[in-house]
Amino acid sequence: MSALPRSYNPFAEDEEEDVAPAGPGGAGGAERQRYLQQEVLRRTAATADSTTRSLSLLYESERIGVATSEELVRQGEALKRTEQMVDKMDQDLKTSQRHINSIKSVWGGLVNYFKAKPPESKPEQNGAPEYYANSRLKEAMMSSKEQESKYQESHPNLRKLDNSDNDFNKADLVSSVQSDAYPKNQQLRAYHQKIDTNLDEMSSGLSRLKSLALGLQTEIEEQDDMLDRLTKKVETLDVNIKNTDRKVRQL
């Protein structure tokens with residue numbers, strides 16, 4: 001008689017060997033853990049890339065703001081030059097009116113003799129009027145121009161091709177106190193440090209953009225006042241020209 005029971009299955013041992021353990025310490029748990037780690041790295045890398053792109057756009061916006069400020073300053077120089085030309089025309093017109101009065105009658109010549117001469121304007125140096133933008137805009141422009149190199153480094157068409165592994169090698173430069181706040185994984189820690197650095201740079205960039213905006217607002221308000229003053233001068237000059245033309249026709 002055989003000692004084996006009637007329900008014995010000779011293939012049962014082979015089936016038991018093929019079944020993999022499904023516990024947390026088995027191959028299934030290790031595979032899931034690797035998947036979660038890769039997913040965390042992927043999402044963290046995507047976040048780091050997103051902050052880098054945002055920082056690049058911020059630098060580009062700052063560069064455009066500086067260019068706009070420079071153009072506004074040139075416009076202010078043109079307005080001041082125009083205002084000086086109008087003042088010079090008004091002075092020449094007053095001189096012409098004195099000469100017309102002298103020509104019309106002897107009494108007009110006596111009046112011009114005892115009448116004070118109009119003040120003469122000082123000649124411009126090198127033909128270029130001095131114009132200074134408001135101090136707030138000047139300081140904002142100087143601060144933003146210092147970031148031009150960072151803009152070139154962040155722009156995809158201007159920056160040099162660097163190995164991304166260099167960012168990971170910088171992880172060892174962080175002090176022990178700061179490294180406690182980051183994950184122990186070196187690659188993940190480098191991503192977190194890059195995100196924090198980008199966020200700090202974005203905060204500083206937004207502050208500089210705010211200063212540029214306030215400086216531009218002040219400059220625009222000052223140039224609006226200059227335009228109003230220039231408009232009044234032009235209207236007065238137009239009336240004086242018409243009066244002078246009428247007097248000339250009466251000679």
Side-chain angles (χ1 to χ4, degrees), residues 47-93 119-162 164 166-167 194-238 241:
T47 303
D49 292 339
S50 177
T51 56
T52 300
R53 289 193 299 269
S54 300
L55 187 60
S56 177
L57 292 174
L58 188 63
Y59 286 144
E60 185 174 1
S61 301
E62 194 171 358
R63 184 184 64 88
I64 294 174
V66 172
T68 303
S69 302
E70 292 176 344
E71 182 64 28
L72 191 62
V73 171
R74 285 192 291 269
Q75 177 178 305
E77 294 175 353
L79 285 175
K80 184 172 183 179
R81 184 163 52 247
T82 303
E83 186 177 11
Q84 289 181 344
M85 291 175 62
V86 171
D87 292 339
K88 183 66 168 57
M89 291 174 64
D90 184 68
Q91 181 180 353
D92 293 341
L93 188 60
E120 297 181 357
S121 59
K122 296 181 179 179
E124 301 175 1
Q125 296 180 355
N126 299 328
E130 295 182 359
Y131 180 82
Y132 301 99
N134 65 86
S135 58
R136 174 179 292 181
L137 182 59
K138 289 174 60 178
E139 293 176 0
M141 290 173 60
M142 291 177 60
S143 177
S144 295
K145 283 183 177 180
E146 295 175 356
Q147 311 302 319
E148 182 68 21
S149 60
K150 293 185 178 180
Y151 164 73
Q152 294 179 356
E153 293 174 359
S154 63
H155 197 280
N157 296 331
L158 299 178
R159 65 185 177 189
K160 298 179 181 179
L161 296 177
D162 295 330
S164 59
N166 293 335
D167 295 335
K194 185 176 182 180
I195 292 172
D196 289 345
T197 301
N198 288 344
L199 290 177
D200 291 339
E201 289 292 334
M202 289 172 64
S203 177
S204 301
L206 289 173
S207 178
R208 292 192 300 270
L209 278 177
K210 179 181 178 181
S211 299
L212 271 176
L214 293 175
L216 285 170
Q217 180 182 3
T218 304
E219 183 68 19
I220 290 173
E221 291 175 353
E222 292 180 357
Q223 291 192 17
D224 284 342
D225 295 338
M226 188 183 301
L227 280 171
D228 293 338
R229 186 173 63 248
L230 181 59
T231 301
K232 294 179 181 179
K233 289 184 178 181
V234 170
E235 291 175 352
T236 303
L237 181 63
D238 182 65
I241 289 176

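Residues take their numbers from the sequence shown, with the count starting at 1. What you see is a predicted model; the values in this text were computed from it and never measured.
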#### Entry: Selection residues 222-231 - residue pairs positive for salt bridge (charged side-chain N to carboxylate O under 4.0 Å, His left out), sequence neighbours left out
E83-R229
#### Entry: Shortest non-hydrogen contact from E219 toward L72
CG-CD2, 3.4 Å
### Query
Is any side-chain N of the basic residue among D87 and K233 closer than 4.0 Å to the acidic one's carboxylate O?
yes
### Task
Kindly indicate, with the supporting measurements, whether the criterion side-chain contact (heavy atoms from CB on, under 4.5 Å) is fulfilled by T52 and K194.
CA-CA 9 Å; T52 300; K194 185 176 182 180; 3.4 Å; yes
### Query
Rounded to the nearest 0.5 Å, how far does CG of L209 lie from OH of Y59?
11.0 Å
### Task
Kindly determine whether R53 and D49 satisfy salt bridge (Lys or Arg N to Asp or Glu O under 4.0 Å), including the steps that lead there.
CA-CA 6 Å; R53 289 193 299 269; D49 292 339; 5.2 Å; no
### Query
To the nearest 0.5 Å, what is the distance between CD (E62) and CD (E146)?
10.0 Å
#### Entry: Any pair counted as salt bridge (charged side-chain N to carboxylate O under 4.0 Å, His left out), so long as it reaches residues 134-145, sequence neighbours left out
E70-K145
### Message
Would K80 and E77 count as a salt bridge (Lys or Arg N to Asp or Glu O under 4.0 Å) here? Give the steps.
### Response
CA-CA 5 Å; K80 184 172 183 179; E77 294 175 353; over 6 Å; no
### Query
Does a side-chain heavy-atom distance below 4.5 Å link L137 with T218?
no
#### Entry: Atom pair CG/CD1 of L57 and I64 - distance to nearest 0.5 Å
9.5 Å
### Task
Please assess L214 against K210 for the test side-chain contact (heavy atoms from CB on, under 4.5 Å), listing each intermediate value before the final yes or no.
CA-CA 6 Å; L214 293 175; K210 179 181 178 181; 4.3 Å; yes
#### Entry: Interatomic spacing from CD in E201 to CG in L206 - rounded to 0.5 Å
11.5 Å
### Query
Distance-only, no hydrogens or angles: does the S207 side chain make a donor-acceptor pair with backbone N or O of S203 under 3.5 Å?
no
### Query
How long is the gap from CG on N198 to OG on S50, to the nearest 0.5 Å?
9.5 Å
### Message
Show the nearest heavy-atom pair for residues N134 and G215, with the distance to one decimal.
### Response
ND2-O, 3.4 Å
### Query
Which atom names give the shortest non-hydrogen contact between M141 and S69, and what distance separates them?
SD-CB, 3.6 Å
### Query
Taking only residues two or more places apart in sequence, or in another chain, which ones meet M202 in a side chain to side chain contact (heavy atoms under 4.5 Å, CB included)?
S54, L55, L58, L199
#### Entry: Spatial distance of atom CD (Q84) from atom CG (L230) [nearest 0.5 Å]
11.5 Å
### Message
How close do R208 and S144 get, counting heavy atoms only, and between which atoms?
### Response
CB-OG, 4.1 Å
